[in-house]
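Presented below is the structure to which this report refers.
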Amino acid sequence: MVLLSKPTTEHYSYIKNCMPTTFSSTIPIVDLSKPDAKTLIVKACEEFGFFKVINHGVPMEAISQLETEALKFFSMPLIEKEKAGPPKPFGYGSKSIGRNGDVGWVEYLLLNTNQEHNFSVFGKNPEKFRCIVNSYMSSVRKMACEILELMAEGLKIQPKNVFSKLVMDKQSDSVFRVNHYPACPELAVNGQNLIGFGEHTDPQIISLLRSNNTSGLQISLRDGSWISVPPDHSSFFINVGDSLQVMTNGRFRSVRHRVLANGFKSRLSMIYFGGPPLSEKIAPLPSLMKGKESLYKEFTWFEYKNSTYGSRLADNRLGHFERIAAS
Ligand SMILES: C=C1C[C@]23C[C@H]1CC[C@H]2[C@@]12CCC[C@@](C)(C(=O)O1)[C@H]2[C@@H]3C(=O)O
Ligand SMILES: O=C(O)CCC(=O)C(=O)O
Ligand SMILES: [Fe+2]
């Protein structure tokens, strides 16, 4: 007799003492077609490091095509999906996140925005999937550029492409990820909170996230409390990354966020992480220092990225690069 092991969640992490989920209505909403967008973006980046964008200009068709292809990919047998792995550095991964023992109730495709690095990742119909990913990525990159320009305008710094030029650069080290969180029926029964993707900040400049209508994403506020982000499949959610926190000398905050698994519905999210070229120095822009000292030591994106590889998801990665104020 062959004994098949029952899927079990005992090796995953739970959140203890998790408060009942409260969906927040405090998350800023920015309409990119309105003239006040730049002011609202700056305010949201200072207060939360997070906001929701409507009228974003990414065609719903590009989004749903990618969603369909991704779901097709994730519905394949594990043995097929594993042909696209391991995600070192790009490809299919499941359960394990990063290199240092983090696990979550998630499977994912991690891709480079430069498609040459994504060999053999696309399953049975690679050309179609690749093409759909490309057209989605170019629309989202355009939105990233627009938002980063609005940030510069809102901060009254010049030129207005100081941030956007980094993600538009041919050498930009950007990453794209599709996360799939299967429904976890055990949770529906026992009411526990299982970690889908553990708490962390994104190391890059900016992240643009779109998900289906399944909840799970939470962000941490300045006081350390967690709020649930109501899902909205037609909008984008924008995260300030660590690099943008440094470039604004701490004025913008990179947001800590996490995903909880759902007992009833599966969640699919796709995230574009806009990063600078590897050789780029990440340092506060002189025009934002106003005579103040940099809060950070000087480092390149290459150095920061390398240090993230050695870290655990929840680590305060910027901590190593903070300059301790001389007293
Ligand atoms: C434990 C991890 C896993 C990391 C690296 C390190 C710390 C932060 C994680 C992320 C978060 C943002 C996307 C990603 C691609 C990134 O750049 O940083 C992730 C990466 C991975 O999933 O490999
Ligand atoms: O899947 C999500 O909704 C968010 C995941 C995330 O934060 C990440 O991949 O960096
Ligand atoms: Fe993230």
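Remember, it's 1-based here, ligands and their atoms both numbered in the order they're listed.
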**OP:** Assign the ring pair F237 / F50 to parallel, tilted or perpendicular, where the plane angle (0 to 90°) is split at 30° and 60°.
**Re:**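 Because their plane-to-plane angle is under 30°, the rings of F237 and F50 count as parallel.
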Original post:
Short question: side chain of W105, backbone of L194 - any donor-acceptor pair under 3.5 Å?
Top reply: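 Side chain of W105 to backbone of L194: no pair is present.
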Between ligand 2 and the protein, which N/O pairs are shorter than 3.5 Å?
residue: ligand 2; atom: 1 (O); partner: N179; partner atom: ND2; Å: 2.9
residue: ligand 2; atom: 1 (O); partner: Y181; partner atom: OH; Å: 2.6
residue: ligand 2; atom: 1 (O); partner: S269; partner atom: OG; Å: 2.5
residue: ligand 2; atom: 3 (O); partner: R267; partner atom: NE; Å: 3.3
residue: ligand 2; atom: 3 (O); partner: R267; partner atom: NH2; Å: 2.7
residue: ligand 2; atom: 3 (O); partner: S269; partner atom: OG; Å: 3.3
residue: ligand 2; atom: 7 (O); partner: H200; partner atom: NE2; Å: 3.2
residue: ligand 2; atom: 7 (O); partner: H257; partner atom: NE2; Å: 2.9
residue: ligand 2; atom: 9 (O); partner: N179; partner atom: ND2; Å: 3.2
residue: ligand 2; atom: 10 (O); partner: H200; partner atom: NE2; Å: 3.1
residue: ligand 2; atom: 10 (O); partner: D202; partner atom: OD1; Å: 3.3

Original post:
What residue among W301, Y296, Y304 forms ring pair (Phe, Tyr, Trp, His ring centres under 6.0 Å) with F321?
Top reply: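 When W301, Y296, Y304 are each tested with F321, the ring pair (Phe, Tyr, Trp, His ring centres under 6.0 Å) holds only for Y304.
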Original post:
Do the numbers put R210 on top of the ring of F236, so that NZ or CZ is under 6.0 Å from the six-membered ring centre and no more than 45° off the axis?
Top reply: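 Checked: cation-pi criterion not met.
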Original post:
Would you say R317 touches ligand 1, if touching means a heavy atom closer than 4.0 Å?
Top reply: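 A heavy atom of R317 does come that close to ligand 1.
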**OP:** Determine, using heavy atoms of K305 and all atoms of ligand 1, whether some pair is separated by less than 4.0 Å.
**Re:**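 Distance cut 4.0 Å: K305 fails for ligand 1.
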Original post:
Looking at side-chain heavy atoms only, is the closest gap between V175 and T113 below 4.5 Å?
Top reply: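 When only atoms from C-beta onward are counted, T113 and V175 do not touch, as no gap falls below 4.5 Å.
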Original post:
Using heavy atoms and a threshold below 4.0 Å, how should the contact between F273 and ligand 1 be classified: side chain, backbone, both, or neither?
Top reply: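 F273 to ligand 1: side-chain contact only, backbone stays beyond 4.0 Å.
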Original post:
Is the count of non-hydrogen atoms from other residues, nucleotides or ligands lying under 6.0 Å from L78 atom CG greater than 12?
Top reply: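 Yes, because the 6.0 Å sphere around CG of L78 holds more than 12 heavy atoms from other groups.
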Subject >> R99 N/O to ligand 1 N/O under 3.5 Å >> reply: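 Looking only at distances, the answer is no, because the N/O contact criterion of under 3.5 Å is not met.
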**OP:** Would you mind listing which atoms of ligand 1 come within a distance below 4.0 Å of any non-hydrogen atom of Q204?
**Re:**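 By the 4.0 Å cutoff, the relevant atoms are 16 (C), 17 (O).
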Subject >> Per-atom contacts, ligand 1 versus D202 - under 4.0 Å to a heavy atom >> reply: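 So the atoms of ligand 1 that pass are 11 (C), 12 (C).
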Original post:
By residue and atom, what protein N/O/S atoms are less than 2.8 Å from the Fe ion (ligand 3)?
Top reply: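 Only H200 NE2, D202 OD1, H257 NE2 fall inside 2.8 Å of the Fe ion (ligand 3).
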Original post:
Centroid-to-centroid, Y136 to F176, below 6.0 Å?
Top reply: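 Aromatic pair counts; centres sit under 6.0 Å.
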Original post:
Right, does atom 1 (C) of ligand 1 have protein non-hydrogen atoms nearer than 4.0 Å?
Top reply: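 Within 4.0 Å of atom 1 (C) of ligand 1, protein heavy atoms are found.
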